[in-house]
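Have a look at the structure below, then the notes.
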Amino acid sequence: MGLNSRYGLALLGIILIVLGGFLYSTMFSTSLPSVVIIGSEYINVECKDFVPFGSILFISSNKNITSNEIAGAFIGQLGSGDFTLNKQHGTNFGETNIGVYTLGNGAKAYIATTNSTSLIVELKTGEYLIVGNQDTQTIAECFSQNVYQLSPIQ
């Protein structure tokens, strides 16, 4: 079964189609939207980029945090110091960072933000949940009223 046979060419075609689909989904398509829900004493973020290849395989994961799991929360800037981002898996371009990252301080962070100014939630486990958009202030106010009182700006 070589490339000159009918089966060899069919197999090569299938491989190229699969590879092309994989490259398209990882390089040219944008990440599927994340959903942030803030309720009474909890925040839940549903995101396909919280699992490796989640956007490609259409698998989503939830990060649900209750108020008693939180060590602190504040509005902060991403991109320098303890909040330098090193992507483990997910999407990043410009100010959009969605997925699982390692922060400059070595902690693991679940991030769904399109803004460098974001709501940063530190968990008692040492991990972080970071969310934001063009109106991070509104997210932070809702979070502060329903889940956990924010610390002053860091």
Side-chain angles (χ1 to χ4, degrees), residues 15-154:
I15 291 171
L16 289 175
I17 290 170
V18 169
L19 183 60
F22 176 78
L23 288 175
Y24 174 79
S25 65
T26 58
M27 295 175 64
F28 300 110
S29 68
T30 58
S31 181
L32 297 172
S34 302
V35 177
V36 178
I37 299 170
I38 297 174
S40 179
E41 298 191 15
Y42 76 92
I43 181 171
N44 184 64
V45 180
E46 182 181 344
C47 180
K48 294 193 183 319
D49 284 325
F50 283 174
V51 293
F53 305 108
S55 291
I56 298 167
L57 302 174
F58 303 103
I59 301 169
S60 64
S61 176
N62 289 334
K63 190 68 176 168
N64 190 57
I65 307 298
T66 60
S67 57
N68 63 354
E69 298 174 79
I70 298 172
F74 57 93
I75 296 174
Q77 287 292 121
L78 300 179
S80 64
D82 285 348
F83 297 102
T84 301
L85 304 178
N86 298 301
K87 182 175 72 170
Q88 290 180 13
H89 52 83
T91 302
N92 67 320
F93 54 92
E95 290 187 339
T96 299
N97 294 287
I98 303 170
V100 179
Y101 290 73
T102 302
L103 299 176
N105 64 6
K108 182 177 186 178
Y110 295 87
I111 301 177
T113 187
T114 57
N115 193 344
S116 62
T117 302
S118 298
L119 171 63
I120 300 173
V121 180
E122 182 180 5
L123 306 178
K124 292 178 181 175
T125 62
E127 295 180 335
Y128 287 81
L129 175 67
I130 301 174
V131 296
N133 63 13
Q134 67 277 2
D135 195 9
T136 297
Q137 189 62 41
T138 301
I139 294 172
E141 288 171 6
C142 185
F143 179 85
S144 187
Q145 291 171 1
N146 292 292
V147 184
Y148 191 89
Q149 186 66 41
L150 296 182
S151 300
I153 295 177
Q154 302 274 319

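Positions are given from 1 along the sequence.
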Closest approach of Gly132 and Ser118, non-hydrogen atoms and distance?
CA-OG, 4.3 Å
Residue set satisfying salt bridge (charged side-chain N to carboxylate O under 4.0 Å, His left out) with Glu122, at least two apart, ordered chain then number -> none
Identify the heavy atoms of Ile38 and Ile139 that sit nearest to each other, and give their distance.
CD1-O, 3.8 Å
Who passes side-chain contact (heavy atoms from CB on, under 4.5 Å) against Glu95, sequence neighbours left out?
Asn115, Ser116
Distance col, row Leu129:CG vs Asn64:CG, nearest 0.5 angstrom, shows 10.0 Å
In chain order, what residues pass the side-chain contact (heavy atoms from CB on, under 4.5 Å) check against Asn68, with sequence neighbours excluded?
Thr66
Starting at NZ of Lys63, measure out to CG of Leu123 and round the result to the nearest 0.5 Å.
6.5 Å
For Thr117, side chain to side chain donor-acceptor pair (under 3.5 Å) partners two or more places apart
Gln77
Hey, could you give me the CD1/CG distance between Ile120 and Leu103, rounded to the nearest 0.5 Å?
8.0 Å
With Tyr110, which residues qualify under ring-ring contact (aromatic ring centres under 6.0 Å, His included), at least two apart?
Phe50
According to side-chain contact (heavy atoms from CB on, under 4.5 Å), who are the partners of Thr84, at least two apart in sequence or on a separate chain?
none
If you define the side chain from C-beta out and look only at heavy atoms, does anything of Val45 sit under 4.5 Å from Val131?
yes
Taking side chain to side chain donor-acceptor pair (under 3.5 Å) as the test, write out the residues that go with Asn146, two or more places apart.
none
Quick one: closest heavy-atom pair of Gly39 and Val147, and the distance?
O-CG2, 3.7 Å
Among Val35, Ile37, Asn44, side-chain contact (heavy atoms from CB on, under 4.5 Å) partner for Asn62
Asn44
Using side-chain heavy atoms (C-beta onward) and a distance below 4.5 Å, is Leu119 in contact with Leu150?
yes
Value rounded to 0.5 Å, distance of NZ in Lys108 from CG in Asn86
14.5 Å
Sorted by chain and number, sequence neighbours left out, side chain to side chain donor-acceptor pair (under 3.5 Å) with Thr125 holds for none
Heavy-atom pair of closest approach, residues Ile111 and Asn97
CG2-O, 3.2 Å
Which distance, rounded to the nearest 0.5 Å, do you find between the OG1 of Thr91 and the CD1 of Ile98?
5.5 Å
Would you list the pairs meeting salt bridge (charged side-chain N to carboxylate O under 4.0 Å, His left out) in which at least one residue belongs to residues 135-146, sequence neighbours left out?
none
Report the residues that fulfil ring-ring contact (aromatic ring centres under 6.0 Å, His included) with Tyr128, sequence neighbours left out, ordered by chain and then residue number.
Phe83
Residues in side-chain contact (heavy atoms from CB on, under 4.5 Å) contact with Tyr148, at least two apart in sequence or another chain
Ile70, Ala73, Phe143
Side chain to side chain donor-acceptor pair (under 3.5 Å) against Gln145, all qualifying residues, sequence neighbours excluded
none
Mind listing the closest non-hydrogen atom pair of Ala107 and Gly126 along with its distance?
CB-O, 3.4 Å
